[in-house]
Amino acid sequence: MQDLNAENVTDAVIAQMATTPDPRLREIMEAAVRHLHAFAREVNLTPEEWLKGIAFLTAVGQMCTPIRQEFILLSDTLGLSRLVNVMHDSQGREAAGTETSLLGPFFREQAPEIALGGSIAQRSQGPEIMLYGQVTDSAGKGIGGAWVDVWQTDAEGMYDLQAHDPEVMEMRGRLRCDAEGRFHFRTLKPLGYSIPMDGPVGELVRKQGRHGFRPAHIHILVAAPGYRELVTALYFGDDKHVDSDTVFGVSKSLVVTDRTDLPDAPVPRMPSVRYDFTLSRETDGSGGRVGSDPSKLVPAG
Ligand code: BEZ
Ligand code: FE
């Protein structure tokens with residue numbers, strides 16, 4: 001029998017888990033145990049502190065419902081969603097496409113279909129902008145008929161799920177690109193907003209002296225058969241939180257400014273943003289990202 005101490009307990013756990021038949025599960029769990037034990041040693045974790053940690057993780061789990069995924073929010077605020085998504089983006093596709101960004105918790109299937117040139121603001125009021133561009137492949141060839149799903153906050157910084165009866169779909173829509181992959185639609189200039197701060201993750205963010213805000217953005221999901229689905233967002237450069245997004249979703253290439261002097265704007269002098277999206281072909285069929293369909297993570301009942 002082995003006497004277990006702070007040094008050899010890690011190897012004893014890993015030795016016992018060596019019977020795991022699934023090699024990927026074995027690799028992941030071995031690394032998880034090694035890093036968790038190293039973390040506890042590094043900070044000299046006390047039993048009282050670890051019980052607090054367990055109480056925190058319990059509260060995170062208890063906050064989850066089919067429409068509220070507090071664990072994804074935790075992963076987002078720790079930058080882990082960003083890390084996992086960025087690693088995924090660099091693998092299994094034939095060429096780099098438009099950079100991705102977080103899906104977030106407010107995506108909804110079956111948003112209303114909007115005709116090209118139409119508006120996703122059915123009832124909300126505020127300063128109007130136009131978003132237009134083209135969906136292309138990595139060689140720059142337009143992808144006719146690509147689907148563009150968009151969703152965002154209104155001019156008060158609220159998503160429809162927060163501002164209206166949950167049946168109402170507002171500030172979101174689906175557009176079908178024309179034969180050259182071009183699209184244009186009207187929307188309102190979004191406002192930045194706070195992530196949900198009424199749960200354990202918000203409490204942690206506050207304790208860390210962080211502001212909890214995301215800069216103003218428009219979420220975009222672009223899909224076409226044979227291409228990797230693109231989940232991204234455009235961020236407005238004039239938002240004061242653009243350099244300190246609390247969930248680390250911003251990339252330089254996704255920062256935009258609305259302008260009234262774009263020569264090819266569909267409506268001359270209307271504040272507009274032009275953005276072209278590049279899809280890359282899938283080479284390994286690996287689809288998912290952190291955040292896709294969070295409702296599947298919550299057991300029914
Ligand atoms: C959002 O963009 O809507 C979002 C993303 C991650 C966490 C919370 C909100
Ligand atoms: Fe968002």
Side-chain angles (χ1 to χ4, degrees), residues 60 63-86 88-89 98-109 111 120-121 124 126 129 131 148-164 166 169-173 187-206 208 210-222 230-251 254-256 273 275 288-295 297-298:
V60 170
M63 198 77 201
C64 294
T65 70
I67 56 163
R68 172 82 182 253
Q69 231 303 338
E70 196 77 355
F71 271 112
I72 292 184
L73 192 60
L74 179 60
S75 158
D76 294 345
T77 55
L78 296 180
L80 191 57
S81 307
R82 169 78 186 217
L83 171 63
V84 171
N85 288 339
V86 163
H88 173 69
D89 289 347
T98 299
E99 280 194 82
T100 68
S101 192
L102 301 173
L103 181 75
F106 298 110
F107 173 69
R108 295 170 79 175
E109 304 273 357
I120 65 165
S124 309
I129 59 170
L131 182 59
V148 177
D149 251 279
V150 296
W151 67 105
Q152 62 167 85
T153 56
D154 60 21
E156 260 95 59
M158 302 284 265
Y159 282 95
D160 53 3
L161 282 167
Q162 301 168 306
H164 303 284
M169 291 247 198
E170 171 65 350
M171 299 307 301
R172 64 180 71 236
T187 181
L188 306 183
K189 189 157 178 180
L191 261 200
Y193 63 93
S194 166
I195 60 162
M197 294 290 276
D198 57 342
V201 173
E203 200 183 317
L204 178 63
V205 164
R206 260 195 302 272
Q208 294 170 324
R210 296 162 67 181
H211 55 62
F213 272 85
R214 299 217 67 206
H217 57 274
I218 301 178
H219 290 276
I220 319 262
L221 187 156
V222 189
L230 171 67
V231 176
T232 192
L234 300 179
Y235 294 89
F236 286 81
D238 54 4
D239 189 298
K240 68 176 177 186
H241 296 121
V242 77
D243 291 320
S244 60
D245 181 7
T246 212
V247 294
F248 308 97
V250 181
S251 300
L254 300 175
V255 175
V256 297
V273 172
Y275 203 93
R289 344 176 1 92
V290 178
S292 8
D293 204 353
S295 67
L297 302 174
V298 178

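Read the numbers this way: they start at 1 and go in the same order the structure lists the ligands and their atoms. Values below: all heavy atoms of this structure, side chains included; hydrogens, waters and symmetry mates excluded. Numbers for residues simply follow the sequence, beginning at 1.
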Chemist: Looking at D76 and R214, is any side-chain nitrogen of the basic one under 4.0 Å from a carboxylate oxygen of the acidic one?
Modeler: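 D76 and R214: not salt-bridged.
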Chemist: Within the distance-only criterion (no hydrogens, no angle test), does the side chain of R108 pair as donor or acceptor with the backbone N or O of L161 below 3.5 angstrom?
Modeler: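 Answer holds: no.
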Chemist: So, R172 side chain and F106 main chain: donor-acceptor pair closer than 3.5 Å or not?
Modeler: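 Confirmed, R172 side chain pairs with F106 backbone.
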Chemist: Have a look at ligand 1 and work out which part of Y193, if any, has a heavy atom under 4.0 Å from it: side chain, backbone, both or neither.
Modeler: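 The answer is the side chain.
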Chemist: Between T153 and P190, is there a donor-acceptor pair closer than 3.5 Å when you use the side chain of the first and the backbone of the second?
Modeler: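 No: the side chain of T153 does not pair with the backbone of P190.
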Chemist: Provide, to 0.1 Å, the distance between atom 9 (C) of ligand 1 and the closest protein heavy atom, together with that atom's residue and name.
Modeler: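 Closest protein heavy atom to atom 9 (C) of ligand 1: P105 CD, 3.3 Å.
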Chemist: Closer than 2.8 Å to the Fe ion (ligand 2), which protein N, O or S atoms?
Modeler: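 The answer, once waters are left aside, is Y159 OH, Y193 OH, H217 NE2, H219 NE2.
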Chemist: Taking the six-membered ring where the residue is Trp, are the ring centres of H241 and F236 under 6.0 Å apart?
Modeler: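 No, the ring of H241 stays outside the 6.0 Å limit from the ring of F236, centre to centre.
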Chemist: For D198, give me all partners under salt bridge (Lys or Arg N to Asp or Glu O under 4.0 Å), at least two apart in sequence or on another chain.
Modeler: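 Here the qualifying residues are R68.
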Chemist: Donor-acceptor check, side chain of T187 to backbone of I120, threshold 3.5 angstrom: yes or no?
Modeler: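 No: the side chain of T187 does not pair with the backbone of I120.
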Chemist: If you measure every N or O of H217 against every N or O of ligand 1, does any of those distances drop under 3.5 Å?
Modeler: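 There is such a contact, yes.
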Chemist: Parallel, tilted or perpendicular: which one describes the rings of W151 and H219, with boundaries at 30° and 60°?
Modeler: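 Ring orientation, 0 to 90° scale: parallel.
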Chemist: Provide, to 0.1 Å, the distance between atom 2 (O) of ligand 1 and the closest protein heavy atom, together with that atom's residue and name.
Modeler: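 Result: R214 NH1, 2.6 Å.
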Chemist: How far is atom 5 (C) of ligand 1 from its nearest protein heavy atom, and which residue and atom name does that atom have?
Modeler: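 The protein heavy atom lying closest is G104 CA, 3.5 Å.
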Chemist: If we set the cut-off at 4.0 Å for heavy atoms, which region of L73 has an atom near ligand 1: side chain, backbone, both, or neither?
Modeler: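 It is the side chain that touches ligand 1; the backbone stays farther off.
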Chemist: List the closest protein heavy-atom neighbour of atom 7 (C) of ligand 1: residue, atom name, distance to the nearest 0.1 Å.
Modeler: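 Nearest neighbour among protein heavy atoms for atom 7 (C) of ligand 1, to 0.1 Å: D76 OD2, 3.4 Å.
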Chemist: Hey, is the main chain of S244 close enough, under 3.5 Å, to the side chain of H211 for a donor-acceptor pair?
Modeler: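 Yes; at least one donor-acceptor contact below 3.5 Å.
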